[in-house]
Amino acid sequence: MTGLIQVRGGRTVAKAVDRPWLLRAASIALVLGLWEWGGTIPVSIAFPKFSETLAAFAGMITDGTFAGAYAETAGPLIVGVSLTAVGGVLAGLVMGLSSRTEWLGLPVFIVLQASPSAAIIPLITFIYGIGFTAKVFAVVLLSAPVIVLNSYRGIANTPRSLLEMGDAFLAGRFKRIVKIVIPAGSGLIFAGLRLGLAQGFTGAVLAELLITPTGVGDLITFYRSVADYPRMFASILSIILVASVSVTLLQRLEQRLFRPEMRPA
Amino acid sequence: MTNRTSPTSEPTVPGGVRNPGDPAVRVVDLAKVFAGGVRALDGVTFDIPRGELTSIIGPSGCGKTTTLKIIAGLLDATSGQVEINGTPVTRPGPDRAFVFQDFALMPWATVLRNAAFGLELRGVPRKEREATAREYVAKVGLSRFEDAYPHQLSGGMRQRVGLARALAVDAEILLMDEPFASVDEQIRRKFQEDLLRLLSEEDKTVIFVTHSIEEAVYVSDQIVIMTRGPSQVSKVVRPGVDHSGGSGHIRRSPAYLDWVERIWAELQGYLET
């Protein structure tokens, strides 16, 4: 592959392809550069420069603002995502293995995935009030469909030849599921978990914005109300960073547990 | 030629005395109709002699693989039955191991784990199964690749892993579904020779599905020629090619070429219909 690129595009491209981190860093630098430039125009008085946001970000780490806010947000997020991860993967597994359950459960999750969740969240308060349970429910509502549907697809699409191989070599039902079906579907299951975690973050923050102002959602609302836009953007940036790091860690966990062949050399 | 025996004949094992002359596998009046009414097999009957390599050859759609999968217990027959040592087949069993056309290797497992997987499923302790798998991985010539993953191997190497997995469980009967279909001609010839060498060291009954007449004549003690429309056995022949003279000598020998032509003539009639 590298050789081919060298012939076609010269040495520089080949080197860049050999070092993917260089391209990633360049992509991030480009976005941040555009952000800095957008802040100097300025696009709006509510749009701070990247450097201002970064300074606010550092300040919020050192004065403990983030620590306090994330301690509050983490509760419903961890409980919600954990519940959905276990329940969602199990639901996907059962739906993928049994056509009756598939027809019973699949339409519910397809409708849930297509529904505008932000519009449903205020309804949660009618049932669960404005406390911890309501926020957990918001996280579950957003993360469940993607986890269930991806797990279902992962399980239902186990290669037929691997299933036949399991039968031919006398795998019982349990070993067939644990040693063949789950590892074969782990790619999609973990893709669902990663997306579900990201959706869980959205759910947690939406709940804090729409139900009761606490945690990181409260930071955004508060700094917007006092027009401290660098801190408001730093709060948003922190959500993106925390979500990205969590998703990457989950990907590493998947490779360690199920797909060692995909581990980078 | 088919030595057809009544399905009611007395079972030779378990519990009974196995006569070396008894076939290892009897396929008796096998029929298979798939959902939608597609008739894949229609009264297929033949015997597989013990300790020999029998090829099943025929045009696409004649039911070769279906027959093999029914023998393996992976498919149910609509009527008729398969007997292994006199016992009717109802499901896969430890007396049979399967080599798949598309290798059926687990992409997330190393060569060694794939080769040991049959033993793993049977609950053999890790050290023991890895030692056995290591032995067969070496026999198929992949010692240096024990820790490699399937995507790092060529098609021929992947099929060697499939063969090592099947040999590692030490089944009496080896079922091979077009094992060389996905490899190129050079690798295929080398693989055929390696297979014959390996089988000469192992006491196995082999059923080998292939499209290739040359391959069937080269590797087989017996060839079951199947036809389609209806899918039945046309002939069972025993080429008896002498393997003592080496590959090049065999492939140029008049006996070998004559058998290739005779089987081609047999199949040609059905291809034109």
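Order of the sequence lines fixes the chain letters, A, B, ..., with proteins taken first and strands second; residue numbering starts at 1 for each chain.
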Under 4.5 Å heavy-atom distance to chain A, tell me which part of B/Phe103 shows up: side chain, backbone, both or neither.
neither
Between B/Arg188 and B/Glu215, does any side-chain N to carboxylate O distance fall below 4.0 Å?
yes
Does any backbone or side-chain atom of B/Phe98 lie under 4.5 Å from a heavy atom of chain A? Answer side chain, backbone, both or neither.
both
Relative to chain B, which of A/Leu162, A/Leu170, A/Asp167, A/Leu163 shows the most heavy atom pairs under 4.5 Å?
A/Leu170
Taking every non-hydrogen pair under 4.5 Å, which of B/Ala97, B/Gly162, B/Gly93 racks up the most with chain A?
B/Gly93
Ranking B/Arg122, B/Arg91, B/Gln101 by heavy-atom pairs under 4.5 Å to chain A gives rank one to B/Arg122
Identify which part of B/Leu175 has an atom lying under 4.5 Å from any heavy atom of chain A, answering side chain, backbone, both or neither.
neither
Check B/Glu120 with B/Arg126, please: is the shortest side-chain N to carboxylate O separation under 4.0 Å?
no
Side chain to side chain contact (heavy atoms under 4.5 Å, CB included) with B/Leu41: of B/Thr78, B/Val233, B/Thr67, only one passes, and it is B/Thr67
Checking heavy atoms, do the side chain of B/Pro94, its backbone, both or neither come under 4.5 Å from chain A?
both
Between B/Ala72, B/Pro92, B/Ala109, which residue shows the highest count of heavy-atom pairs closer than 4.5 Å to chain A?
B/Pro92
Do B/Arg160's NZ or CZ and the ring of B/Phe191 fall within the cation-pi criteria of under 6.0 Å and 45°?
yes
Check whether B/Arg165 gets within reach of chain A through its side chain, its backbone, both or neither, counting any heavy atom under 4.5 Å.
both
Residues at least two apart in sequence or cross-chain that pass side chain to side chain donor-acceptor pair (under 3.5 Å) with B/Ser55, listed by chain then number, are B/Ser220
Max heavy-atom pair count under 4.5 Å with chain A, selected residue of B/Gly73, B/Gly118, B/Pro107
B/Pro107
How far apart are the C-alpha atoms of B/Leu30 and B/Thr45, what are their side-chain angles, what is the distance that settles it, and do they pass the side-chain contact (heavy atoms from CB on, under 4.5 Å) test?
CA-CA 6 Å; B/Leu30 210 59; B/Thr45 297; over 6 Å; no
Criterion side-chain contact (heavy atoms from CB on, under 4.5 Å) on B/Val219 and B/Leu196, from CA distance to verdict
CA-CA 7 Å; B/Val219 301; B/Leu196 290 177; 4.1 Å; yes
